[in-house]
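Here is the structure we will look at, set down as structure tokens.
Here is how names work: the chains are called A, B, and so on, in the same order as the sequence lines, proteins then strands, and each is numbered from 1. On a predicted model such as this, the values are computed, not experimentally measured, just so you know.
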There are 2 protein chains.
Amino acid sequence: MTDVNAEVATLSIGEVSALTGLATHTLRFYEKEGLLPPVRRDAAGRRVFTDGDVEWLRVCGKLRSSGMPLPEIQHYAQLVREGAGNEAERFEILRKHEERVQRQVGDLQEALDIIHNKVELYARRLAAGTADALWRNGPECES
Amino acid sequence: MTDVNAEVATLSIGEVSALTGLATHTLRFYEKEGLLPPVRRDAAGRRVFTDGDVEWLRVCGKLRSSGMPLPEIQHYAQLVREGAGNEAERFEILRKHEERVQRQVGDLQEALDIIHNKVELYARRLAAGTADALWRNGPECES
DNA sequence: GCTTGACTTGAAGTCGACTTCAACTCGTAG
DNA sequence: CTACGAGTTGAAGTCGACTTCAAGTCAAGC
């Protein structure tokens, strides 16, 4: 199954942009920054991506959108490109990032609680027509 | 209870910084940007904050840390300062932000799933000593 | 054969939210 | 009395991650 399924799709930068949601600018930028290995070119010098590149770019996209800094993704990408032998280090990077994202989610949830309380408070008071009573004592006293 | 508990603490910018976790620079910046009403000064021109200010700054901090842009917080702060009569608009701002944060949390969770899978994958392979088998077919084929 | 649209490059610009800098004034402790 | 730490100001600098710009090349359709 994972064999020489040699149907290696050849994709233009525009197609890859559509598939990954990353702007063409960004794809070139990512290549320049070493997030993916130098992309092959056709006769006219245009980039030719494979579907493997798309897979990898999707991973990079998720790492970025979850807040991993570019230099760290770059480092990770380099380790992957170097091949076997540094799995422990890659594992560390991912594990550390997982923690970071969990912390992020926790912080957001905490903020969300407060915001949601405020939203509910406003909803109730607005519904009851008693919104005026909210500011007897300084700005926005809690319920 | 919420009465004339007139023990209005007078706090220096440094104390407020410690209480809110916001740098003194940031507090001045927020005042300049209109996130809080012009702070009173002592004889020597130094800012004198109240505990109400601290309350409000904590709210601002949560809005910021959950990704609300400064101009939007500023707008919200202005509405609050204007007093009664614009509750519906404030409600809209908060509700919209709540949605935004929920979306953010969702996106992060999605990324977290992928990252966690990878972490687990590495953990298993490393434990089994079969990490080498991970890169038979291009970068990081999934299990 | 000429326009159109997708692609190429390197350099420069943008954005938000601080952060740092330079040059000052105070009030208190030694 | 003088040094120190905390405060003041406006302006300028920083940071990351793009994004935009200028100036092209190339292949295909009309």
Hydrophobic cluster membership, A:Val80 vs B:Ile114, 4.5 Å side-chain cutoff: no
Test side-chain hydrogen bond (donor to acceptor under 3.5 Å, both in side chains) applied to A:Ser65 - qualifying residues, sequence neighbours left out: none
Pairing residues for A:Arg28 by the side-chain hydrogen bond (donor to acceptor under 3.5 Å, both in side chains) criterion, not counting sequence neighbours: none
Partners meeting salt bridge (charged side-chain N to carboxylate O under 4.0 Å, His left out) with B:Arg46 (sequence neighbours left out): B:Asp42
Salt bridge (Lys or Arg N to Asp or Glu O under 4.0 Å) partners of residues 63-85 of chain B, not counting sequence neighbours, each pair once: B:Glu72-B:Lys96, B:Glu72-B:Arg100
Mind listing the N/O atom pairs, protein and nucleotides 15-18 of chain C, below 3.5 Å?
from: C:dA17; atom 1: OP1; to: B:Arg64; atom 2: NH1; distance (Å): 3.4
from: C:dA17; atom 1: OP1; to: B:Leu70; atom 2: N; distance (Å): 3.3
from: C:dA17; atom 1: OP2; to: B:Leu70; atom 2: N; distance (Å): 3.2
from: C:dC18; atom 1: OP2; to: B:Tyr30; atom 2: OH; distance (Å): 2.8
from: C:dC18; atom 1: OP2; to: B:Arg64; atom 2: NE; distance (Å): 3.0

A:Glu98: salt bridge (charged side-chain N to carboxylate O under 4.0 Å, His left out) partners, not counting sequence neighbours: none
Just the atom pairs and distances: protein N or O near nucleotides 2-13 of chain C's N or O, under 3.5 Å.
from: C:dC7; atom 1: OP1; to: A:Ser12; atom 2: OG; distance (Å): 3.0
from: C:dC7; atom 1: OP1; to: A:Gly14; atom 2: N; distance (Å): 2.9
from: C:dT8; atom 1: OP1; to: A:Arg47; atom 2: N; distance (Å): 2.8
from: C:dT8; atom 1: OP1; to: A:Arg47; atom 2: NH1; distance (Å): 2.8
from: C:dT8; atom 1: OP2; to: A:Arg28; atom 2: NE; distance (Å): 2.7
from: C:dT8; atom 1: OP2; to: A:Arg28; atom 2: NH2; distance (Å): 3.0
from: C:dT8; atom 1: OP2; to: A:Arg47; atom 2: NH1; distance (Å): 3.3
from: C:dT8; atom 1: O5'; to: A:Arg47; atom 2: NH1; distance (Å): 3.3
from: C:dT9; atom 1: OP1; to: A:Arg41; atom 2: NH1; distance (Å): 3.4
from: C:dT9; atom 1: OP1; to: A:Arg41; atom 2: NH2; distance (Å): 3.2
from: C:dT9; atom 1: OP1; to: A:Arg47; atom 2: NH2; distance (Å): 3.4
from: C:dT9; atom 1: OP2; to: A:Arg47; atom 2: NH1; distance (Å): 2.9
from: C:dT9; atom 1: OP2; to: A:Arg47; atom 2: NH2; distance (Å): 2.7

Gap between atoms CG and P, on B:Leu11 and D:dA6 respectively (whole Å): 16 Å
Which residues share a salt bridge (charged side-chain N to carboxylate O under 4.0 Å, His left out) with B:Arg103, sequence neighbours left out: none
Sequence-distant partners of B:Gln104, side-chain hydrogen bond (donor to acceptor under 3.5 Å, both in side chains), two or more places apart: none
Separation of D:dC21 C1' from A:His25 NE2 (nearest whole Å): 10 Å
